[in-house]
Structure formats: structure tokens, C-alpha cells
Amino acid sequence: MPELPEVQTVVDDLNRRVKGRKILRVWSDTPKQIRDYSAPGRRLTDLHRDESSKNFRNFQKDIKNKKILRAKRIGKNILIDLSGGKTLLIHQKMTGHLLLGEWAIKKGRPVAIKPKEMVKDPYNGFIHLILYLDNGKQLALSDLRKFAKAILADTKKIHDLPDIKNLGPDALDPSLTLKKFANLIKKSGPTIKQALLKPELVAGIGNIYSDDILYQSFVHPLQNPKKLTPEEISKMYKAMRQVLKKAVRLRGTSTSDFRDTAGKEGRYTNHRLVYGREGEPCQRCQTPIKRIKVGGRSASFCPKCQAPKRTYNGKKKKKRN
DNA sequence: AGTTGTGTTGAAGA
DNA sequence: ATCTTCAACACAAC
């Protein structure tokens, strides 16, 4: 599940490995994941998937022979600036990741040739988009659930796309001060877990790192954000930076399908604090880690370390029949 | 073998 | 307006 650290890992890889390359052509078996907003007459506010063959033909035409200038990250979005004033935005959503290697199309399906990580690892085998580069290699999107999207747009209009425009400040943006963070948290609800997962509040945090940030700051996931003390908010702010930076250093988490562009797993998997550790002893007090549902998402936490000092919302949990 | 859990995010429903 | 549920899709685990 690519969150900020996983997306940053990919962006760093792209700047190191494909910057300066030219895109020769495109292959895809799921054109509905692709949109070309740089084509004439296309409105940026049109959010629907476009299954028309014209949309994909425009994309193929508009990306052909463009040079990759640089890669950037905003929240969980990968922005690849191209020559000709175009930018390719890729959002990996839940199961998407970018790979650099070589594939051959056999009977309409891509077959990995190298490196061995692509050939051996089944999670690298769901190829739905291939960009052919001018050095004989390919940049490919593997995406088991086909939720990821690739959008081509004019570089100047990238910040007008709803994907970017509706985002809150990036979680690692240096200009996101403690004061600004505190103001955002105070405006949000209903629980702190749900608040951390809102891209329009703070961009880049998903289920893995929200769990670890709350554990690191001794805050219960059901806490009402409006009732957090300044000390708790300060702890959360520091934990957010610490946890995310550490995960970037370790090249992300691969509890599920995430891989870097070489097809390799991230090492934060072994450094997780609580995410996906239900039943395992807390690393601080040995209490078994608990998992509950918060707003339809799972939240893992230590019931002792993160025990609320006050009531959450004064409400009891609803039972579902 | 059918059901459930998985996670991102926008749309639809309450 | 604010919150919850669902839908996009595919697979593993039960």
C-alpha cells in the first residue's frame, strides 16, 4: 500500500534511473486507468474514467517522444515532468507500483524477462501499463486491483487537477509547522485516526503510518481530535515526521504488494511498531496489540500505552448485527 | 464454494 | 455540512 514513504522511494528511484530517458511508445491492456487531460477539449473537472479508444490514442500520441525531465511527489501522487510542457501524474492507489525492467508481450500478456525480481515475485506480475524507453528498458505499472491511475496533463495545469488541488499540506512539507498542524487537527473529526487518513487535511498518510504515528505519540485512535492536549498534538507532530522519515530511509513497507522500481521489498516491514501486529506483544510494555474498526478501517494499537486519559466522544461502540 | 478482509479516494446516500 | 457507506477490482484466507 503505497503511502508517502513508498511514493518517495519510487520518486527517488525514477530520478536516479530514468531521468533523461525518452518515451518511445506505450502499451496498456487497461486504458480505462489512463486519461489524457492535455488533449484539446478535455476538462480538468471531468473525473470519470474514460474508456473511449480516442482517449488512449490521444495519450499514446501526446506522450510519444517526450523526454523524462524529473520526478516529484505531492502527497501520494507521483509527478513525472516531461518535455513539451507535459506532466504524467501517477497515483498507485492500493496495489500499484512502478517497475523498471524488460518485458515481452506473449499472446497479449506481458512476460517478464529481467531482472529476476520481476520474474520470480508474483506481486510484480500484474502489468497493465508499459512505457518503452530509449535505452531498451521499460517503465511498467504492476497493479493487482487496477485502481491506480495515470493522467497526462499540461504541467502548468497540474495544480488545477482535483487530485492535487484538494490536498492538504504534505506531511513532510517543511512549511507545515506545529502550529499549522495543530490548527488542522483541531478542525477535524470525528476521531484522530480518521483525521490522519484524510488527504484534504494532511497528504501522504495511510493506514500503516497513521497506526505507527499514534502509537509513537501514545494517542488512542478513537480520541476526539478536538480534545487532544497541546502536548499530545506536539507528540503527534514529532512522531509524524520521525516515523515517515525513518520509513523513507528504509524504502517503505511491503506487508502486502509494494515493491521499489527494482522489484524489491521495503525494509520498514521489519520496523513496524503496531500496524499488522495484532496479538503480538507491545514493544514497550508487552501487552498484546489490539485491532479495532474505526470508520470502516482497521486500527492497531497498544491498549495500555495508548489508553485514553479521557473519554473519546462519550459514546459507546455500536454493535453490528 | 461463498463470504470477508484488504486500502485509496471520490461519489452517493443519510 | 458532516458523517457513513459504497464502488472501482482482484485475490487470499477463512
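Fair warning: this is a prediction, and the values are worked out from it, not measured in the lab. Only this structure's heavy atoms are used, side chains among them; waters, hydrogens and symmetry mates stay out. In what follows, chains carry the letters A, B, and so on, assigned in the order in which the sequence lines appear, proteins first and then strands, with residues in each chain numbered from 1.
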Test salt bridge (Lys or Arg N to Asp or Glu O under 4.0 Å) on A:Asp12 and A:Arg251; report intermediate values, then the result.
CA-CA 10 Å; A:Asp12 291 343; A:Arg251 298 180 63 76; 5.9 Å; no
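Across all strands shown, A:Gln92 has no heavy atoms under 4.0 Å from either base or sugar-phosphate atoms. Across all strands shown, A:Ser298 has heavy atoms under 4.0 Å from sugar-phosphate atoms exclusively, and none from any base.
For A:His91, a side-chain nitrogen or oxygen approaches OP1 or OP2 of B:dT9 to under 4.0 Å. Listed pair A:Lys93 / B:dG7 fails the phosphate criterion, with no side-chain N or O lying under 4.0 Å from OP1 or OP2. Side-chain N/O atoms of A:Lys76 include one lying less than 4.0 angstrom from OP1 or OP2 on B:dT9. Between A:Lys32 and C:dC9 there is a side-chain polar atom (N or O) within less than 4.0 angstrom of OP1 or OP2. The phosphate of C:dT4 (OP1 or OP2) has a side-chain N or O of A:Gln194 nearer than 4.0 angstrom.
The partner of B:dG10 is C:dC6, by the rule that a Watson-Crick or G-U pair needs both atom distances under 3.5 Å.
Distance check on atom P: C:dA13 versus B:dG7 gives 15 Å, rounded to whole Å. Nucleotides B:dA12 and C:dC9 place their P atoms 16 Å apart, quoted to the nearest Å. Rounded to a whole angstrom, the distance from the C1' atom of C:dA1 to that of B:dT8 is 23 Å. Only the P atoms considered, C:dT5 is 15 Å distant from B:dT4, to the nearest whole Å.
The interatomic distance linking A:Asn124 (CG) with C:dA10 (P) rounds to 18 Å, in whole Å. Rounding to whole angstrom units, CZ of residue A:Phe258 and P of B:dT8 are separated by 13 Å. Rounded to a whole Å, the CE atom of A:Met94 is 10 Å from the C1' atom of C:dA8. When the P atom of B:dT9 is taken as reference, atom CZ of A:Arg145 falls 14 Å away, rounded to whole Å. A straight line from CG of A:Leu141 to P of C:dC9 spans 15 Å, rounded to a whole angstrom. Going from atom CG of A:Leu144 over to atom P of C:dA13 covers 13 Å, rounded to whole Å. Distance A:Glu278 CD to C:dC14 P: 12 Å, rounded to the nearest Å. Rounded to whole Å, the distance from CZ on A:Arg297 to P on C:dT4 is 13 Å.
Along DNA chain C, the nucleotide closest to A:Phe126 and the one closest to A:Gly296 are compared, and the more 5′ of them pairs with A:Gly296.
Counting only heavy atoms from C-beta on, A:Lys198 has its side chain closest to C:dC3 among B:dT8, C:dT4, C:dC3.
An anti orientation is assigned to B:dG5, its glycosidic angle lying beyond 90° of 0.
Stacking between A:Phe147 and B:dG7 is absent: the aromatic ring centre is not both under 5.5 angstrom from the base six-membered ring centre and within 30 degrees in plane angle.
Salt bridge A:Arg259/A:Glu265: present, at least one basic N to carboxylate O contact under 4.0 Å.
Aromatic pair A:Tyr209/A:Tyr268: ring centres closer than 6.0 Å.
A salt bridge (Lys or Arg N to Asp or Glu O under 4.0 Å) with A:Lys86 holds for exactly one of A:Asp36, A:Asp154, A:Asp81; it is A:Asp154.
In this structure, A:Arg272 fails the cation-pi test against A:Tyr215, since its NZ or CZ atom is not both closer than 6.0 Å to the six-membered ring centre and inside 45 degrees of the ring normal. Geometrically, A:Arg241 does not engage A:Phe181 in a cation-pi contact defined by less than 6.0 Å to the ring centre and at most 45° from the axis.
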